[in-house]
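Note that the coordinates shown come from a computational prediction; the quantities given were computed from them, not determined experimentally. To find a chain, count down the sequence lines: A is the first, B the second, and so on, and within it residues start at 1.
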Amino acid sequence: MSSIAIIDYGMGNLHSIAKAIEHVAGKQRVVVSSDHPTILAADRVVFPGVGAIRDCIAELKKTGLDDVIREVAQQRPLLGVCLGLQALFDESEENDGTACLGILPGRVVRFPRGLQGVDTGISLKIPHMGWNRVTPTHEHPMWSGIPSGSRFYFVHSYHAVPARREDIAATTEYGHQFASVVAHDNLFAAQFHPEKSQHAGLQLLENFVAWNGDS
Amino acid sequence: MALAKRIIPCLDVDAGRVVKGVQFVDIRDAGDPVEIARRYDEQGADELTFLDITASSDQRETMVHVVEQVAGEVFIPLTVGGGIREVGDIRRMLNAGADKVGINTAAVFNPEFVKEAAQRFGSQCIVVAIDAKRTSAEGEPPKWEIFTHGGRKPTGIDAIEWAQRMTAYGAGEILLTSMDRDGTRDGFDLELTRAVSDAVDVPVIASGGVGNLQHLADGVTLGHADAVLAASIFHFGEHTVGEAKQYMAQQGIEVRL
């Protein structure tokens, strides 16, 4: 029986994502774990995260899970969610600059203050919170059954700026277009929360539990 | 603008049961929070807010079970407010599956609590709930004050300054309720909503007074709210969340349909 591991590194609430994946996982086993062998033995791995990036990276290093994630990123389908996307890059400007995992080249920046709506000119709130449109940039098995422009639930103040344009798998507009999803080989990471994005989110998770890691 | 304005049904829960009469015609158990949450989810609610109004502390634990059950079936953001007084309360609710907690009275009595909570759990899950009442006389420049105890006790704190202070302390969102309008069905206090929304960088949820769909639209267009919260117009089956969204969309408001 194949299994899906959700990495638990003591940051926030994994109940929602575990429940949502169980909902679509069929016969696959879903485990929430901080145990290295368990995660390394799983067929698919989810890297979630909420909160501040410095705490996130500190916990990953303390638990040695940073190396586990690097190893998984080499070979098996890995789904990053929210902070789990941001942590994949070289560095973030959050918390006065934080070195991240460096699995994908690029940085994470804050939405600038005084951001305005593209057509409205109305000043935009930060965090970027709520349901926004996600437009895939190219075909990918993870987009199966999800119409372009579907809305997903976001809550974040920082976003990734990938160094390689081809790593951008989808964009979203909030004052400007930003990379809301990144993908590279067996890696797929979303800035939004699929576990909180109702039908579209569950479809994405269903695609993940069926994904073999080819893009 | 691509980000949708949110519609948030609010459920009052007492000892694990929804109160203030939800009256769907075809619902099996109108007091069951899970069934009602499922219904609103099907209608297209963007989030759900549960307000725990349980008075006795020995029944508080029941709210945790409610959140666990709802979070296992409904995959949209869930906020829980009422009785959030310490870090342990927040952790319990987040572990149960809540995405955000609403802090109200505890913030007034101990503002540092908001700071601590935001540092520990992140601003994204800290909603500060503000109950405001107009204290200026007619003809005077408008002024609103924070009230506690369901609008009975004044605090002398200016509502707009308070919203700014709570944002500076790390609140990720403001749930703003007009105590003058709450329960009246006369519509939001739009002046209050706009004053607070324009004064802070974080999203503001307008609450208190919704009696028809135009009120919801006004909250966004005239009140500058990022989200609108309502209870009775949805509970009594007058309107579905879907109808509310259609109505708002017809007025040019961006919603998730």
Region of [X] in contact with chain A, defined by heavy-atom distances below 4.5 Å:
| X | result |
| --- | --- |
| B:Arg6 | side chain |
| B:Asp198 | neither |
| B:Ser197 | both |
| B:Glu73 | neither |
| B:Ala98 | backbone |

### Message
Looking at A:His138, I want to see if its NE2 is surrounded by more than 12 non-hydrogen atoms of other residues, nucleotides or ligands under 6.0 Å.
### Response
yes

**Prompt:** Counting only heavy atoms not in A:Arg110, do more than 12 sit closer than 6.0 Å to its CZ atom?
**Reply:** yes

Interface check, chain A: of B:Gly44, B:Ala118, B:Gly122, B:Pro203, most non-hydrogen pairs under 4.5 Å belong to B:Pro203

Q.
With chain A as the partner, which of B:Val74, B:Val202, B:Leu94, B:Val255 has the greatest number of non-hydrogen pairs under 4.5 Å?
A.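 Among B:Val74, B:Val202, B:Leu94, B:Val255, the one with the most close pairs to chain A is B:Val202.
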
Task: From B:Ile7 atom CD1 to A:Trp131 atom CH2, the distance as rounded to the nearest 0.5 Å - done: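 That separation rounds to 13.0 Å.
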
So which atom in [X] and which in [Y] form the shortest heavy-atom distance, rounded to 0.1 Å?
| X | Y | result |
| --- | --- | --- |
| B:Ile76 | A:Lys196 | O-NZ, 3.2 Å |
| A:Ser16 | B:Gly97 | OG-O, 3.5 Å |
| B:Gln124 | A:Val155 | CB-CG2, 3.4 Å |

Using non-hydrogen atoms and a 4.5 Å limit, figure out which bit of [X] sits close to chain B: side chain, backbone, both or neither.
| X | result |
| --- | --- |
| A:Gln198 | both |
| A:His128 | side chain |
| A:Ile17 | neither |
| A:Ala52 | neither |

Given A:Gly201, A:Gly130, A:Pro194, the one with more heavy-atom pairs under 4.5 angstrom with chain B than any other is A:Gly130

Report yes if some heavy atom in the side chain of [X] is under 4.5 Å from a heavy atom in the side chain of [Y]; otherwise report no.
| X | Y | value |
| --- | --- | --- |
| A:Met129 | B:Asp226 | no |
| B:Glu254 | A:Arg133 | yes |
| A:Ser197 | B:Phe75 | no |

Discussion item. Determine whether a donor-acceptor pair (N or O, by modelled atom type, separation under 3.5 Å) exists between the side chain of A:Arg151 and the backbone of B:Leu3.
Written reply: no

Is the closest basic N to carboxylate O distance between B:Asp201 and A:Lys125 below 4.0 Å? no

